[in-house]
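Chain naming here is simple, since letters A, B, ... match the order of the sequence lines and numbering starts at 1 in each.
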Amino acid sequence: MELVEERPYRYRIERRGPMRVPGVVFASRDLLADAEQSLEQVANVATLPGIVGASYAMPDIHWGYGFPIGGVAATDLDDGGVVSPGGVGFDISCGVRLLAADADRRTVEPALPAIMDGLDRSIPRGAGPGGVWRMTGPGQLERILRGGSRYAVDEGYGEQRDLTRCEDGGAVADADVEQVSPRARERGLGQVGSLGSANHFLEVQQVAGVSDERVAAAFGLSVGQVCVMIHCGSRGLGHQICTDHVRAMGDAMSRYGITVPDRQLACTPVDSPQGRDYLGAMAAAANYGRANRQLLSHAARRVFEKAAGVGLSLVYDVSHNLAKIETHTVTGSRRRLCVHRKGATRAFPPGHPDLPEDLREFGQPVLIPGTMGTASYVLAGVPGGDAFFSTCHGAGRVMSRHRAARAVTGRELRARLEADGIAVRPKSWRGLAEEAPEAYKDVSEVVAASEAAGLCRSVARLVPLGVVKG
DNA sequence: ATGTTC
């Protein structure tokens, strides 16, 4: 795949064959070392009906289902633009939430073992069922699917302020519960308030460094401060919704005269029954994901309160796997677009009307979960942000799960992390080994490339004190 | 990511 360097950290894949737009990849040559297959996916996405601007990829691009992970594609609703479940991925509304403690590391440190043991007991995780919330009636799941974090807060699992600091105020309005199949509901029923497995985690962190004092202060972050980061998604429910709707769209696509170079790019117009059905189901999964993170926050708050008398306030909650209907200026005119972000984080610029009032002048907080045992980052949206105001979402794997598990045992890894002063509470040794830091790219390189490409600005760097994993 | 292959 030939890349034309337009400027440092910005490469173009020229239009050819059925591509409707070029590809644009924000990265360094180093980060693209093994990206051949995923660059092919960037080119494939450029063929989608109604795509505007370019098929974009973030510095943490890697191979995904149909779309690359780290892909951003926007389609024009008024020009036959399509929606594709592959542009969101299986873990619909996977995202990150950051809570800031009203205490610094020195204050919290004596209570840290008790906090970690408390989290170990109260954070459900790993594959399969289990969640902090036991459903009390048949209508409760539907209320979660419609109300997201808002419903969890209304039921007493949080505070009103949590909602103003959550993307979309805690709930997407247009969830269509009817489009969530019985099987998806069944899978989701017993998993509300659970981390899941693989790269999902809950970490106790401390702010190790601040690169923008003014913005960090506005976000409520200062050096030494203790934080809790939660990275999880919509579990089996989102996975089942993706499966169901990829199938439905694959069957219907030919009726709209759409052909795609990869069947995993199944799509139909946003303004079609299948497109509307998917977006309605996807919104329900988005709300499930937010409620999931809200309930885990509540569980973490109880542990911190009991073990250390420390409170946690929400900095922000943002998803990196979602398609959203947004209005953007494209070649001078305002257009309604369906913006797919798959392993890419929305990063609204300072002054954007959808940001919480008290953060508006600083840009949207962007939360980047790092690899276990390494750093995580807080970034902010910048003016003129390319790729429809999007940036990276994390590190990205370089080693298969199998290879990682052969390279190190879970017990060895825990010993190594604990020697570095990081407490580890795994549910499975195998799962821990698969998440070894050496199996991932260096997240700091990804963040540096994103900033250098003009997609965001760096605000703070966080390092783990304790890791809770599936 | 995922009751890790309907």
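Nucleotide B:dT2 holds its P atom 12 Å from the CD1 atom of A:I92, rounded to whole Å. Note: CD (A:E435) to P (B:dT4) measures 17 Å, nearest angstrom. Separating the NE2 atom of A:H320 from the P atom of B:dA1 is a distance of 8 Å, rounded to the nearest angstrom. Here the P atom of nucleotide B:dA1 and the OH atom of A:Y65 are 17 Å apart, to the nearest Å. Computed from coordinates, the A:L237 CG to B:dA1 C1' distance equals 13 Å when rounded to whole Å. Between the P atom of B:dT2 and the CG atom of A:D244 lies a distance of 16 Å, rounded to the nearest Å. For the pair A:F90 CZ and B:dT5 P, the interatomic distance rounds to 12 Å; values are reported in whole Å. Atom-to-atom, CZ of A:R125 to C1' of B:dT2 comes out at 19 Å; the value is rounded to the nearest Å.
Dashed line: the shortest gap from a side-chain N or O of A:R183 to OP1 or OP2 of B:dC6 is not under 4.0 Å.
Checking A:R247 against A:R235, the closest nucleotide of DNA chain B that is more toward the 5' end is the one next to A:R235. Along DNA chain B, the nucleotide nearest A:D91 and the nucleotide nearest A:A127 are compared for position; the residue whose nucleotide lies closer to the 5' end is A:D91.
Of all nucleotides listed (B:dT4, B:dA1, B:dT2), B:dT2 comes nearest to the side chain of A:S197.
With values rounded to the nearest 0.5 angstrom, A:S55 atom OG is found 10.0 Å from A:L39 atom CG.
Residue-level contact check: A:Q191 touches the backbone only, with heavy atoms under 4.0 Å from sugar-phosphate atoms and none from bases. When heavy atoms are screened at a 4.0 angstrom cut-off, A:R397 is found touching no nucleic acid atom at all. Using a 4.0 Å heavy-atom criterion, one finds that A:G233 contacts no nucleic acid atom at all.
A salt bridge links A:R401 with A:E435; the closest basic N to acidic carboxylate O contact falls under 4.0 Å. The residues A:R10 and A:D386 are annotated as salt-bridged, a charged nitrogen and a carboxylate oxygen being separated by less than 4.0 angstrom. Between A:R150 and A:D162 there is no salt bridge, since none of the side-chain N atoms of the basic residue sits less than 4.0 Å from a carboxylate O of the acidic one.
Note: A:W133 and A:Y157 have tilted aromatic rings, judged against thresholds of 30 and 60 degrees for the angle between ring planes.
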